[in-house]
Amino acid sequence: MLTADDKKLIQQVWEKVVSHQDDLGAEALERMFITYPQTKTYFPHFDLHHGSDQIRSHGKKVASALGNAVKSLDNLSQALSELSNLHAYNLRVDPTHFALQLLSQCFQVVLAVHLGNDYTPEVHAAFDKFLSAVAAVLAEKYR
């Protein structure tokens, strides 16, 4: 699904954001909760106020998982296996409730805001494919 050029673009962009990936993860979560308020129902135990420790902590987890996936573009299933197991077997989150598509959209907006002109249409397309592949891997334990 990801071409060699896609992988190269994803890795180049991640190099630019890795030093503040935790902040980007939190910003993407906050954006999702504001833009898609229905997603708040999946986090009833969270303090959803701007800058809360819970949003920052979960944003860090999201960004870390994406960073691990970027390092393993040729084997996303293995890289995300533990996270997929956690959601499927421990948390028992219905894959339709991951809100991954919504979070993916918000993460891409955050990237575009922070990268400016470096967030080209080619980068957008590569990240869209990448985030779709991540979502597919996270949902595969349910099949």
Side-chain angles (χ1 to χ4, degrees), residues 1-36 38-43 45-48 50-143:
M1 181 160 149
L2 292 171
T3 67
D5 287 341
D6 291 335
K7 292 175 186 179
K8 183 178 176 183
L9 285 172
I10 291 164
Q11 290 167 337
Q12 288 172 343
V13 166
W14 203 258
E15 287 175 16
K16 293 178 183 182
V17 302
V18 71
S19 63
H20 50 279
Q21 72 181 24
D22 297 350
D23 293 332
L24 298 182
E27 187 176 331
L29 276 175
E30 282 190 12
R31 184 175 291 276
M32 181 183 74
F33 293 140
I34 291 167
T35 308
Y36 305 104
Q38 69 273 22
T39 60
K40 293 177 184 180
T41 62
Y42 307 126
F43 299 87
H45 56 289
F46 271 32
D47 172 5
L48 298 176
H50 173 70
S52 81
D53 288 343
Q54 289 172 315
I55 288 178
R56 293 198 53 77
S57 176
H58 199 69
K60 182 177 181 175
K61 290 176 186 176
V62 168
S64 178
L66 289 176
N68 287 336
V70 169
K71 292 176 190 172
S72 302
L73 290 172
D74 291 323
N75 197 351
L76 288 176
S77 290
Q78 182 178 351
L80 298 170
S81 179
E82 188 176 317
L83 187 59
S84 181
N85 285 339
L86 173 68
H87 282 86
Y89 304 127
N90 294 39
L91 299 175
R92 300 184 189 277
V93 178
D94 183 331
T96 60
H97 294 161
F98 276 156
L100 287 175
Q101 290 295 2
L102 303 179
L103 182 57
S104 293
Q105 291 171 9
C106 292
F107 197 81
Q108 288 193 68
V109 169
V110 169
L111 286 176
V113 167
H114 287 274
L115 294 172
N117 291 337
D118 289 338
Y119 197 73
T120 64
E122 293 81 14
V123 169
H124 176 87
F127 258 89
D128 192 49
K129 287 197 269 183
F130 167 64
L131 293 171
S132 292
V134 168
V137 167
L138 291 177
E140 70 186 13
K141 300 287 184 190
Y142 293 91
R143 294 181 191 148

Any side chain to side chain donor-acceptor pair (under 3.5 Å) involving residues 120-131? Give me the pairs, sequence neighbours left out, ordered by first then second residue. D6-K129, Q108-H124, Q108-D128, Y119-H124, T120-E122
Mind listing the closest non-hydrogen atom pair of A126 and I10 along with its distance? O-CD1, 3.6 Å
Nearest 0.5 Å, please: how far is CG in L24 from CG in L66? 10.5 Å
Quick one: pull up CG in D47 and OG in S57 and give me the separation to the nearest 0.5 Å. 12.5 Å
Indicate the ring-plane relationship of F43 and H58, choosing parallel, tilted or perpendicular according to the 30° and 60° boundaries. perpendicular
Side-chain contact, heavy-atom cut-off 4.5 Å: Q21 with W14? yes
Quick check for you: to the nearest 0.5 Å, what is the distance between F107 atom CZ and L29 atom CG? 10.0 Å
Minimum heavy-atom separation for E30 to G51, with atom names? OE2-N, 2.6 Å
Heavy-atom nearest pair, V134 first then A69, reads CG2-CB, 4.2 Å
Could you point out which residue of Q105, R31, Q101 forms a side-chain hydrogen bond (donor to acceptor under 3.5 Å, both in side chains) with Y36? Q105
Are there more than 12 heavy atoms of other residues, nucleotides or ligands under 6.0 Å from atom CD of Q38? yes
Taking S52 for its side chain and I55 for its backbone only, find out whether a donor-acceptor pair lies under 3.5 Å. yes
If I take atom CG from residue L103 and atom OG1 from residue T35, how far apart are they, to the nearest 0.5 angstrom? 11.0 Å
I'd like to know whether CG of D118 has more than 12 heavy-atom contacts from other residues, nucleotides or ligands below 6.0 angstrom. yes
Does D23 pair with K60 as a salt bridge, N-O distance under 4.0 Å? no
Using every non-hydrogen atom in the two residues, find where N68 and A79 come nearest and quote the distance to one decimal. O-CB, 4.2 Å
Rounded distance (nearest 0.5 Å) linking atom CG of L9 with atom CG of L2: 10.5 Å
In Å, rounded to the nearest 0.5 Å, how long is the span from NZ of K16 to NE2 of H114? 14.5 Å
Ring pair (Phe, Tyr, Trp, His ring centres under 6.0 Å) filter on F130, not counting sequence neighbours, yields F127
